[in-house]
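Below: one structure, written as structure tokens.
What's counted below: heavy atoms across the whole structure, side chains too, no hydrogens, waters or symmetry copies.
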Amino acid sequence: MQSDQKTRAFSLIFALYVFVNTIFQTSNYAEIVKGSFFSNATQVVQAMLGMAMVLFILFARKYRVLYILGVITFVVTFTVSAFVSSYLSIVLTVLAIFTGYFISDLDILIIYSFRARLLSTIFIILSEIMNVIPSTIIDRDGVLRNSLGFYHPNTLGVTLLFLTLEYVFIHWNTWKVRNFVFPVITLLISNYVSNSRGTTVSLLMLILLLLGAQILSTHIFLRMEFFGALLLVVSLPVVSILIMIYYDPSSSFLSELDQLASLRFSFGNAIYLVYHITLLGQNIPSIVTWGDFQAINGYGIVELDNMYMSLILRNGLLYFLSFIAMNLSVTWFAFKEKRPRFIAMVIVISVLGMFEVMGTYLQFNTLFFAFGYLVRHQALKKGQPEKDTTNFVTEVNNRQFLKGEL
């Protein structure tokens with residue numbers, strides 16, 4: 001089918017984007033390759049992906065009025081937000097939603113993405129084993145954390161998590177006992193090699209969901225998964241933002257919770273006290289170095305790793321609320337269409353958000369495509385007509401000819 005061919009062509013470009021970004025932005029190759037080669041190559045691939053998404057939308061042939069209005073409203077609004085906050089990647093994530101609307105089969109996109117991520121991960125680990133690139137070793141409470149060639153042990157953990165999510169998504173409907181081998185291996189590496197708390201918890205959650213899907217009836221599991229997802233999608237952002245605003249170091253409970261989260265809450269509170277919440281976002285570096293932080297929380301350097309805190313502080317209140325609404329919509333549409341694997345992705349990424357910001361990156365999170373994909377499926381189910389715009393110019397010319405205007 002022509003639509004499948006277009007989806008495959010686009011998926012190939014997205015796979016290239018994943019491959020290049022994984023090697024150039026998440027590995028230690030930047031340590032041995034000097035100059036701006038990596039950043040320039042990454043920008044070229046990002047531009048290629050942006051152009052591919054625009055062309056994919058333009059040549060989709062059929063549009064609904066609400067779709068056109070949605071594109072105009074969201075693209076304009078979040079383009080302004082992107083320039084205000086200096087995070088131009090926001091435009092790519094918004095385009096991904098509208099591109100997903102015309103993807104004929106999301107499995108094709110995720111299969112291509114999985115292969116590219118797997119190849120790039122193997123390439124990085126082999127490069128580290130062969131001493132081509134260094135590994136980042138971090139001592140945390142006497143436990144050595146190894147990145148296996150990735151920029152940081154947590155980056156290795158997140159890459160393994162999204163590899164596993166894509167593997168599970170692809171094999172969900174044909175899941176066998178032997179398929180548990182892959183998530184168990186990534187869980188062991190995440191826990192014992194990178195020692196990444198967030199990804200270890202998220203992988204455990206994913207394995208529990210897989211066990212539940214195998215043990216429980218489809219009806220019972222889908223309902224439990226649906227209500228669990230709603231609870232997490234709403235409660236985790238709320239809890240994160242409340243702690244960010246009202247964190248009190250004198251509270252023994254909050255201090256212990258902060259230690260378990262590797263200081264993510266006290267760091268988020270420190271950055272909030274300086275930058276505050278804005279509507280359209282602001283530029284906040286990945287690692288913030290500022291003398292005043294020493295007085296606020298005792299640290300001169302802080303990082304903003306909690307996904308929800310990062311979204312509301314860096315990208316703004318508007319984008320934060322849109323992101324939560326997207327996750328709720330994916331959960332609802334997937335529940336109505338009886339697609340539990342989509343809800344599983346929402347749950348796992350929501351849990352990861354308490355520890356890592358990378359769940360907001362298009363390089364990892366294909367839920368942006370999934371949202372548009374599910375929206376269109378819902379619209380087609382309701383029988384909403386699509387206007388074929390292919391012959392629009394011809395129709396206008398014919399009308400002008402009949403009126404004697406040509």
Side-chain angles (χ1 to χ4, degrees), residues 25 43 46 49-50 53 69-100 232-247 261 264-290 292-293 296 302-331 346 349-350 352-372 375:
Q25 288 198 326
Q43 289 172 8
Q46 287 177 340
L49 179 65
M53 287 194 283
L69 291 175
V71 170
I72 295 170
T73 303
F74 278 87
V75 170
V76 170
T77 301
F78 289 114
T79 297
V80 172
S81 175
F83 280 101
V84 169
S85 65
S86 300
Y87 295 106
L88 300 181
S89 57
I90 292 176
V91 178
L92 283 183
T93 57
V94 173
L95 283 174
I97 294 172
F98 293 102
T99 301
L232 291 173
V233 169
V234 174
S235 64
L236 294 182
V238 169
V239 168
S240 294
I241 303 308
L242 287 176
I243 292 178
M244 179 188 77
I245 296 173
Y246 298 109
Y247 178 78
R264 283 168 171 81
F265 299 137
S266 59
F267 280 6
N269 172 255
I271 294 176
Y272 164 74
L273 291 174
V274 174
Y275 287 94
H276 306 292
I277 296 171
T278 60
L279 182 65
L280 296 176
Q282 57 202 310
N283 185 265
I284 302 175
S286 299
I287 299 176
V288 184
T289 306
W290 192 36
D292 287 359
F293 283 130
I296 294 173
V302 297
E303 298 180 61
L304 193 57
D305 283 336
N306 179 289
M307 181 173 74
Y308 307 110
M309 296 180 188
S310 177
L311 278 171
I312 201 166
L313 289 173
R314 285 193 175 114
N315 304 123
L317 180 63
L318 187 61
Y319 189 78
F320 169 80
L321 293 175
S322 299
F323 185 83
I324 305 304
M326 181 193 77
N327 282 339
L328 287 171
S329 299
V330 169
T331 302
V346 172
I349 293 172
S350 296
L352 176 70
M354 294 296 290
F355 304 90
E356 298 294 340
V357 70
M358 286 178 270
T360 62
Y361 300 169
L362 182 61
Q363 172 191 346
F364 294 105
N365 192 350
T366 50
L367 279 178
F368 295 105
F369 293 107
F371 178 43
V375 166

Task: Contact check, side chains of Thr278 and Leu317, non-hydrogen atoms, under 4.5 Å - done: no
Task: Side-chain touch Ile277/Met244, heavy atoms, less than 4.5 angstrom - done: yes
Task: Listed partners of Leu328 passing side chain to side chain contact (heavy atoms under 4.5 Å, CB included), at least two apart - done: Leu230, Val233, Val234, Ile324
- [ ] Using side chain to side chain contact (heavy atoms under 4.5 Å, CB included) as the criterion, list what pairs up with Val80, not counting sequence neighbours.
- [x] Val84, Leu280
TODO: Hey, could you give me each pair passing side chain to side chain donor-acceptor pair (under 3.5 Å) that has a residue in residues 71-91? Not counting sequence neighbours.
DONE: Tyr87-Arg314
Task: Of all pairs that satisfy side chain to side chain donor-acceptor pair (under 3.5 Å), the ones with a partner from residues 315-325, not counting sequence neighbours - done: Thr93-Tyr319
What is the distance from atom [atom1] of [X] to atom [atom2] of [Y], rounded to the nearest 0.5 Å?
| X | Y | atom1 | atom2 | answer |
| --- | --- | --- | --- | --- |
| Phe320 | Ile312 | CZ | CD1 | 4.5 Å |
| Ile90 | Leu95 | CD1 | CG | 12.0 Å |
| Met309 | Ile243 | CE | CD1 | 6.0 Å |

Which pair of heavy atoms, one from [X] and one from [Y], lies closest together, and at what distance?
| X | Y | value |
| --- | --- | --- |
| Asn306 | Ser240 | ND2-OG, 3.3 Å |
| Leu304 | Ser310 | CD2-CA, 3.7 Å |
| Phe265 | Met354 | CZ-CE, 4.0 Å |

Open item on the list: Between Tyr308 and Ser350 (side chain of the first, backbone of the second, donor and acceptor by atom type, cut-off under 3.5 Å), is there such a pair?
Closed with: yes
Task: side chain to side chain contact (heavy atoms under 4.5 Å, CB included) assessment of Tyr275 paired with Gln282 - done: CA-CA 8 Å; Tyr275 287 94; Gln282 57 202 310; 3.5 Å; yes
Using residues 363-371 as the side-chain source, report each donor-acceptor pair under 3.5 Å to any protein atom, sequence neighbours left out, with the distance given to one decimal.
| from | atom 1 | to | atom 2 | distance (Å) |
| --- | --- | --- | --- | --- |
| Asn365 | OD1 | Leu367 | N | 2.9 |
| Asn365 | ND2 | Gly359 | O | 2.7 |

- [ ] Begin from the C-alpha positions of Leu49 and Leu362 and carry the test side chain to side chain contact (heavy atoms under 4.5 Å, CB included) through to its verdict.
- [x] CA-CA 11 Å; Leu49 179 65; Leu362 182 61; 4.0 Å; yes
Task: Intermediate values then yes/no, side chain to side chain contact (heavy atoms under 4.5 Å, CB included), Tyr272 and Ile245 - done: CA-CA 7 Å; Tyr272 164 74; Ile245 296 173; 3.8 Å; yes
Open item on the list: Between Met307 and Leu352, is the side chain to side chain contact (heavy atoms under 4.5 Å, CB included) condition met? List the steps.
Closed with: CA-CA 8 Å; Met307 181 173 74; Leu352 176 70; over 6 Å; no
TODO: Write out all pairs satisfying salt bridge (charged side-chain N to carboxylate O under 4.0 Å, His left out) with one or both partners inside residues 356-365, taking only residues at least two apart or from two chains.
DONE: Arg264-Glu356
